[in-house]
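Here is the structure we will look at, set down as structure tokens.
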Amino acid sequence: MIIPHPLLGPRESTEFVYLGDASLMARPDWQAEDKADAFHDYLYLRNNPAGEHHELWYHEQGDRSWLVVTRNITTHEITKVQLARPLARKLNPGKQSS
Amino acid sequence: MRHGDLLLEEVAQCRLFSLSIPMGEDQALKKKIEQTYELAWPQPGKLAKSVDRYFMAMNEEQLFALFLDGTTEQDFQNQLGNTGYITDQSDNWCYLRLSGPTSRAALERICPIDLHPDMFNTHDVARTVMEHCGTILLREGGDSFLLLSARSSAKSFLHAIEQSVKNIS
Amino acid sequence: MTEGYRIEGGLINRDKKLTFSFNGQKKYGYQGDSLASALLASGDTIVARSFKYHRPRGIFSAGSEEPNALVHLGRGALCEPNTKATTVELYDGLEANPQNYRLSVHFDLMAINDFLSPLLTAGFYYKTFMWPKYFWEKIYEPIIRNSAGMGKLSGHSDPSHYDKGFLHCDLLIIGAGPAGLIAALEAGKAGLRVILADEDFLPGGRLNSETYQIDQKPATLWIEETVEQLRNMPNIRLMTRMTVYGCYDHGIYGAVEQIAPEVLEKSKPRQILWRIYSKRALLCAGAIERSIAFGNNDRPAIMLAGAVRAYVNRWAVAPGKAIGIFTNNDDGWQTARDLRAKNIPVSALIDTRRDASDEEIDGVEIIRGERITDCMGRKRLRAVKLTNGRLIAMDTLAVSGGWNPNIHLTCHQGAKAVWDEKISAFLPARLAGLSVAGSANGTFALGDVLKEAYQAAQKIAKDLDFTPRAGKPPQANNEAYSLSPLWHVKESRKRAWVDLQNDVTYKDIALAHQEGFRSVEHLKRYTTLGMGTDQGKNSNVIGLALMAEQRGLPIEKIGTTSFRPPYTPVSIGAFGGRSRGKNFRPYRLTPSHQWAEERNAVFVETGQWLRAQWFPLASETHWRQSVDREVTMIRASVGICDVTTLGKIDIQGRDSAPFLNRVYANGFAKLPVGKVRYGLMLREDGISMDDGTTARLAENHFVMTTTTANAGTVFRHLEFCRQCLWPNDDVHLISTTDGWAQYAVAGPNARKLLQNGIVDKIFDISNDAFPFMGCANITVCNGVLARLFRISFSGELAYEIAVPTRYGNSLVRALMEAGKNFDVTPYGTEALGVMRIEKGHPAGNELNGRTTARHLGMEKMVSKKKDCIGNVLSERPYLNRENDYRLMGFKPVDRKEILSTAGSHFIAIGDTPNMDNDQGWMSSVAFSPTLGHSIGLGFILGGEQRIGETVRAFDPVHSKDIPVEIVSPHFIDPEGKRMRA
């Protein structure tokens, strides 16, 4: 496969490492009431549609960026590739550091 | 090593530093670089260069500064002050130069990147993998390529390039 | 010289005569010959025996679809089995041999199978060799493997060289026949970067085998001119002997290039496996002729009609001296005309169509509306019998059942072919990146082929924003092509072959249907139709049509089996490429590798790294002697170990401390500058992932070490945390693993050694000034920048000292020199392992992806007052149950017993050793020279509460059953006095 990197252009998928669904970016609050259930669902439960998935790919043999790749798993068509960090910032607008 | 019209040599005097932008302080660092070295901070995948330095943007927040003039980490640090995070990378890498009319044909055997001059010219830099060795690659000019790979696997990397040179001759 | 079948003309170079051998006999051919054409020229009829029945077989086709003429090419270790004689380019000194026979290809003992054929029908093996069960492996399978089958592997390592490579283009054109050539020319003129690939060594495709005209000149001349033009265009790369074998996602194609035999040197690769990245591709792979099933249609010298034309026109070989033609379409007539044009006698042209053209061909008897029911001649065709009972003598039969577009590559990504009634064949599905033109698209007439390919190239050029030049395609006549499909001559009483390679006959397909195998995929598996090296290139469509007939359904309702890569077989060597032996994968060396070699170190692979395992002295004959000595010397005085391979990550930024505090289970927020801390990293599921030490060099600057094995995964994980979980942190990571050489200096004399000219005098490393878990930037050996860490894996007073890699070699030699007075001992990973087991430190065996901090006895380290990876899920009840596994120490009750294998299971004394009674496992063992007996670390239910209890360390794999006592995992200096000294 070819992953069109948003900064570097088309790159061979062998330069990348796949992690899993992009929902892994939405890590639950460790202090929430239902934290045990929330973390369980976060780690183990995934939608698995026969169609578009949002996937996390790491450009290990490239710029070391994490990407969110929108890919149809039935055709391998890649419709969108975004840098993960700006998306993560939208999920976590507040400053995290304590 | 000279093989036919190809020359493969080690570039021993290279000094390489990674330079990262402190979050939110892009402008200060980029301005400092411009003032100090008269080089504009390049886009990711591109490089800015003068005679004996290449500033390669590896991603949005990190630059690899390659000096061929003996600049040390301390010099670099002194020149930039506290505007960026510097890590000496000089000894992490080995530095090989492959030049000659058939250099592209040799690299075609191991390099997945399109090195056609229209696609990869003297302002491009790529980080990729060749024969399972992570590699940073840039075109110094014409048919001369500079190749950086991990120092610990330099023997394997050298073998990969030498084998390519032999296989096409 | 026997060259009785060679005729005038052809595209061979008669000035370059070549010698070769087949079946041990010396033969001759010319440059431009294939092995098949040279064999036919020498009058070789039987070149192989069939797969199952061992029937004599001859050359059937002229291309890569060949089902019969498979040979052993080359000899000894170089022998390549199942090579198609039809695609082998003849070279001087070529050596080939027939395969799949006993005694002789002309008298094959196994031909007995042919007389047993009523028993050997579809599914025979499944039905017959079922009982008794153990007979299968011992008796049936070896016999079947020996009698059925194809070529034999040499059994030697392949001495040939292979290479790989990467190509990039705007347009990949597959097939350099008329369509491919004109498309390449037009695309090239429009400015596209084009790769034109063809499996043949001669560009031109079918045109080389026909007698067509293009722009009023012979097509072969047009090819020459076009190829010349293409070769002069820098943006076009014409690659012959190059088979595009697979079509993959996003415009990636796999291809294998054969190096021309005349330029191949022994030290050079004989094949190159190319990965082609294309923006668009155009398939111009032409069409493959199919046969018709009729009685004994597998006799030697029954060939495809197009192949007969190819041998006559391209290779100047008459395949016989009296050639009959059997056809259901107009193309068969061209064969008769071409043969007559060369004055080759034609016995008869038998057209199945009563209403076939009323054209007459000079010197050819034309029989309309008849079919062949049987063929005579076991070793070579002698005569055929028609439906009307008439016998016609002939020594060769050219068969044409129509043409199948070569759509293989269009199906590699799952697209389904579409049945076309007009040509009675499958057409390619419409695909986004892959266009199809010419015969591969079902467009058979030459004029139309050229026009279609020309237009396809222009359209692709426009799609890619190039401007095609105005002009028009070259002109050629459209030869007639109509057919009335005929798959099987029903009047045949004799076996009628559908798949020659796998010996599948009409009866097998009928039987499969009768037994309920109705899906085409089942048909294939049950009968083996379409398997083997040709993958049914001739036979599939006939097989499907016959299945459709059996089921009373139209062919489009039956569907077709999937085509998968590779298009033709690719040798495993090509996929392996250069990755063989020492260069199987990159290896990593530390800067003191040579120093270790000088000291006769025995190396071990740890990931890609080569690490010194121990350093034997000349007097030592067993590794244990070396390792015991190393351990003893370190505990008594001082030793040096290369720990360069540990992963090192440079961490900078204002938020580095809180970041580390979240990726490690234990606290890092308050680590003072100048201090090192042990850190345990968990996965989000609460299982331990890695451990190491992290040093704070400055307020916003840390250096993390990881285990050697996990350096890459930890870095990736940290980047994930940084970019995806805490994206607002000012944290920056970069690997410095290769940038620093690092040495452990361990033992009671470690400080004295370092003070002996290593650490520069201005740095005070006394216990007060530089206590346990201290770290500092220092200089060594008069000014060399270094980092010093006071950490201990061995449990002794110890330091790790790091210098830039370029100084590693010098530093280790300086350390040895400085330690001379203390009998400094270099030690390897084995001694390192022994000492960490003695000390009770977990390592890879303990951090095995199944163990929690609690299992490791480190649950107190997991801070509950902060957010960190793995914190929440480590609290799950099951991971916190009572009497869980705990890391403990083990000693053999009989101290003389040697614990030699990790992996033993703990079983209570008196219990039957089984999984229900399993109480844990031994993870690491060593002989402790310090204690004088074996020790082990392991996980056992109940842990500390069972100290003093005896259990069995049971290892059925190695037949060991040793009573062991449960003890603390800290065998030596549990208070840690030594390392704080």
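All values below were derived from every heavy atom in this structure, side-chain atoms included, with hydrogens, water molecules and symmetry-related copies excluded. Lettering follows sequence order; numbering is per chain, from 1.
Neither the backbone nor the side chain of C/L273 has a heavy atom closer than 4.5 Å to any heavy atom of chain B. For C/I259, no part lies near chain B; criterion is any non-hydrogen pair under 4.5 Å. With a 4.5 Å cut-off on non-hydrogen atoms, C/R193 touches chain B through its side chain but not through its backbone. With a threshold of 4.5 angstrom between heavy atoms, B/A154 does not approach chain C through any atom at all. For B/E131, the parts lying near chain C are the backbone and the side chain together; criterion is any non-hydrogen pair under 4.5 Å.
Between chain B and the options C/P591, C/S735, C/G165, C/G739, heavy-atom pairs under 4.5 Å are most frequent for C/G739. Across C/S579, C/P804, C/A741, C/S267, the residue that shares the most heavy-atom pairs under 4.5 angstrom with chain B is C/P804. The candidate from B/Q89, B/E25, B/K155, B/R151 with the greatest count of non-hydrogen atom pairs under 4.5 Å with chain C is B/R151. With respect to chain C, the highest number of heavy-atom pairs below 4.5 Å among B/S153, B/P112, B/C133, B/G24 belongs to B/P112. Ranking B/D88, B/I21, B/L107 against chain C, the residue ahead of the rest is B/I21, based on heavy-atom pairs under 4.5 Å.
Once rounded to the nearest 0.5 Å, the distance linking CE of B/M130 with CZ of C/F166 reads 9.0 Å. Considering CG of C/L733 and OG1 of B/T87, their distance stands at 10.0 Å, rounded to 0.5 Å.
Distance alone, capped at 3.5 Å, is enough to place a donor-acceptor pair between the C/Q652 side chain and the B/I86 backbone. Put simply, the side chain of C/R585 never gets that close to the backbone of B/H132: no donor and acceptor are under 3.5 Å apart.
Checked options C/D650, C/D730, C/I651; the residue passing with B/Y85 is C/D730 (criterion: side-chain contact (heavy atoms from CB on, under 4.5 Å)). When C/T645, C/T590, C/D738 are each tested for a side chain to side chain donor-acceptor pair (under 3.5 Å) with B/S152, only one passes: C/D738.
Taking both residues in full, the closest heavy atoms of B/M23 and C/P727 are given as CE-O, 3.6 Å, listed atom of the first, atom of the second, then distance. The shortest heavy-atom contact between C/K268 and B/N167 is CD-O, 4.0 Å.
Residue-environment remark: CZ (C/F575) exceeds the threshold of 12 foreign heavy atoms within 6.0 Å. By the neighbour-count criterion of 12 heavy atoms within 6.0 Å, atom CD of B/E38 is sparsely surrounded, having that number or fewer from other residues, nucleotides or ligands. Within a 6.0 Å radius of CG in B/D5, more than 12 heavy atoms belonging to other residues, nucleotides or ligands are found. Annotation: B/Q79, atom CD; neighbour count of heavy atoms from other residues, nucleotides and ligands within 6.0 Å is above 12.
B/I110 is listed as a side-chain neighbour of C/R578, based on a closest heavy-atom distance under 4.5 Å. Using a 4.5 Å heavy-atom cutoff, the side chains of B/S156 and C/R588 are not in contact. Residues B/Q62 and C/H732 form no side-chain contact, since every pair of their non-hydrogen atoms from C-beta on lies 4.5 Å or further apart. Looking only at side-chain heavy atoms (C-beta outward), B/F64 and C/I734 come within less than 4.5 Å of each other.
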Audit row: C/D163, B/Q163, side-chain contact (heavy atoms from CB on, under 4.5 Å) steps and yes/no: CA-CA 9 Å; C/D163 206 357; B/Q163 194 65 48; 5.9 Å; no
